[in-house]
Amino acid sequence: MIEIQNVSKKYPTGIQANSNISFTVGHGEIVALVGPNGSGKTTLMQQMLGVLKIGEGTILIDGKENNVQNIAYVPQAPAIYPALTVGESLLATTKYLGIPKKEATERIERVLKKTGLSSNAHQPAYTLSGGQRKLLSFGCMLVQDATNLVMDEVTSMVDVVTKEHIWQLILEEQSRGCAILLSSHDISEVKKLCTKLVVLRKGSVIFSGSPKEVRNEYCHCTINVDDATQAQIILDEADCSYTHDGNDFSIVTRDIVQLLNLLYDLTKSVTICSLTCEHPAFYDGLLALLRKPEVK
Ligand SMILES: Nc1ncnc2c1ncn2[C@@H]1O[C@H](COP(=O)(O)OP(=O)(O)O)[C@@H](O)[C@H]1O
Ligand SMILES: [Mg+2]
């Protein structure tokens, strides 16, 4: 389990990379960390791994501070030695962790099989394709057998088949009970994998919740009314955006509850002749969240 409590980080350059971040990643959970470039995702992950000093706040891994034994990481850019072979790269990771030889050999065999890199075991890393390098980097995380896993844009720049393969491996780690935090710009990946979503902007959490709640972040409906002037008066006062063409209105609200309340208010003064309501899609909800104006 990963617990992030009121974490803030200021680089010596004066850049405040993150401020007062709090969330948890429980065992069996996949939490997606989403946000534009520069919003502080990599910084937070490096603080969790002990690569960077935490700064302010506390990070607990399985309830303990500075407990980096049971957390493994796939960095944004694969950190592999080009001259080492695939097998040697995995071996180097096990040696670094002090894993006994017999156990290390078993783990390496298993990871080569899982990642589909068995036939590349004797190939130097510099001869691998981009997707194979990502798989090797993923393998270096797997071979640690940790139950807290952090993955920084693990499927960026990989082909769809490799992506599906990595997703399958992530789901296997989830079913093993791992606590998983992954950053991603791929909305279909987030939708497929995550059980919880944390959205960062400029180093602050602007949303934390389930994918279901994300869908409720945005709602769109079209209506036809008998009295356009009266409808406009009500809509102008409401907290929504709308366009209209004669008596046909297209309305966007923050969430379903707000839309239902608005429709109820409208029915008090106008007749709604027709109504079409889209169930908000995850994609639109997440986009609406990321585009939300900043609260000053
Ligand atoms: N080593 C560093 N020194 C100074 N500033 C940095 C360093 N690494 C990242 N930053 C800054 O911190 C902010 C967050 O960066 P980062 O954590 O890499 O964001 P993300 O992973 O979301 O793209 C950015 O403004 C970035 O320029
Ligand atoms: Mg990053």
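We count residues from 1, following the sequence as given.
Within the 3.5 Å criterion, the main-chain N or O of Pro36 finds a donor-acceptor partner in the side chain of Lys41. Side-chain atoms of Ser208 never come within 3.5 Å of backbone atoms of Val198 as a donor-acceptor pair (strictly under, hydrogens ignored). Remark: side-chain polar atoms of Gln144 are paired, donor with acceptor, to backbone N or O of Cys140 under 3.5 angstrom. At least one donor-acceptor pair under 3.5 Å links the side chain of Gln174 to the backbone N or O of Gly28. With hydrogens and angles ignored, the 3.5 Å screen pairs no side-chain donor or acceptor of Asn120 with any backbone N or O of Gln123. Looking at Gln168, its side chain never comes within 3.5 Å of a backbone N or O of His165 through a donor-acceptor pair. In this structure, Thr222 contributes its side chain and Ser250 its backbone to no donor-acceptor pair below 3.5 Å.
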TODO: In sequence, state the C-alpha distance, the side-chain angles, and the governing distance for Asn66 and Lys64, and then conclude on side-chain contact (heavy atoms from CB on, under 4.5 Å).
DONE: CA-CA 7 Å; Asn66 304 313; Lys64 285 183 241 151; over 6 Å; no

- [ ] Just do the side-chain contact (heavy atoms from CB on, under 4.5 Å) check on Thr271 and Asp227 with the steps written out, would you?
- [x] CA-CA 7 Å; Thr271 302; Asp227 184 346; over 6 Å; no

Task: Stepwise side-chain contact (heavy atoms from CB on, under 4.5 Å) test for Ser19 and Glu56 - done: CA-CA 9 Å; Ser19 327; Glu56 286 172 46; over 6 Å; no

Open item on the list: With side-chain contact (heavy atoms from CB on, under 4.5 Å) as the criterion, how do Val214 and Val190 come out once you've worked through the C-alpha distance, each side chain's angles and the decisive distance to 0.1 Å?
Closed with: CA-CA 11 Å; Val214 171; Val190 171; over 6 Å; no

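In summary, Arg107 and Glu103 engage in a salt bridge, as defined by a charged side-chain N under 4.0 Å from a carboxylate O. Salt bridge present: Lys102 and Glu106 bring a charged side-chain N and a carboxylate O closer than 4.0 Å.
Atom CG of Asp236 sits in a crowded spot, with more than 12 heavy atoms from other residues, nucleotides or ligands closer than 6.0 Å. Atom NZ of Lys114 has more than 12 neighbouring heavy atoms from other residues, nucleotides or ligands inside a 6.0 Å radius. By the 6.0 Å contact criterion, OH on Tyr81 is open, its count of non-hydrogen atoms from other residues, nucleotides or ligands being 12 or less. Heavy atoms of other residues, nucleotides or ligands lying less than 6.0 angstrom from NZ of Lys192 number 12 at most.
Nearest heavy-atom pair, Asn247 versus Val225, reported as atom, atom and distance to 0.1 Å: ND2-O, 2.8 Å. Here the shortest heavy-atom pairing between Ser39 and Arg201 reads CB-CA, 4.2 Å. Taking both residues in full, the closest heavy atoms of Thr24 and Glu3 are given as CG2-CG, 3.7 Å, listed atom of the first, atom of the second, then distance. In this structure, Arg133 and Pro78 approach most closely via the heavy-atom pair O-CB, 4.1 Å. A pairwise comparison of heavy atoms in Ser137 and Ala79 identifies OG-N, 4.3 Å as the closest pair. When every heavy atom of His122 is checked against every heavy atom of Thr85, the shortest pair comes out as O-CG2, 3.4 Å.
Hydrophobic clustering, with ILVMFWY side chains joined whenever heavy atoms are under 4.5 angstrom apart, groups Ile180 together with Leu169. In the hydrophobic cluster analysis, where Ile, Leu, Val, Met, Phe, Trp and Tyr join through side-chain heavy atoms closer than 4.5 angstrom, Met1 is grouped apart from Leu181. Residues Met141 and Ile99 do not share a hydrophobic cluster, defined by chaining ILVMFWY side chains whose heavy atoms lie under 4.5 Å apart. The hydrophobic cluster containing Ile61 also contains Val51, counting ILVMFWY residues as joined when their side-chain heavy atoms lie under 4.5 angstrom apart, directly or transitively. By the rule that hydrophobic residues join a cluster once side-chain heavy atoms approach within less than 4.5 Å of another member, Val34 and Met45 end up as members of separate clusters.
Between Leu171 and Ile30 there is a side-chain heavy-atom pair separated by less than 4.5 Å.
Using a 30° and 60° split on the angle between ring planes, Phe249 and Tyr242 fall in the tilted class, from 30° to 60°.
Exactly one residue among Lys202, Lys9, Gln47 makes a side chain to side chain donor-acceptor pair (under 3.5 Å) with Asn18. That residue is Gln47.
Annotation: the span from Leu235 atom CG to Thr253 atom OG1 amounts to 11.0 Å, rounded to 0.5 Å. Distance check: Leu117 CG to Leu112 CG gives 6.5 Å after rounding to the nearest 0.5 Å. Considering CD1 of Ile234 and OG1 of Thr229, their distance stands at 11.0 Å, rounded to 0.5 Å. With values rounded to the nearest 0.5 angstrom, Leu90 atom CG is found 5.5 Å from Ile108 atom CD1.
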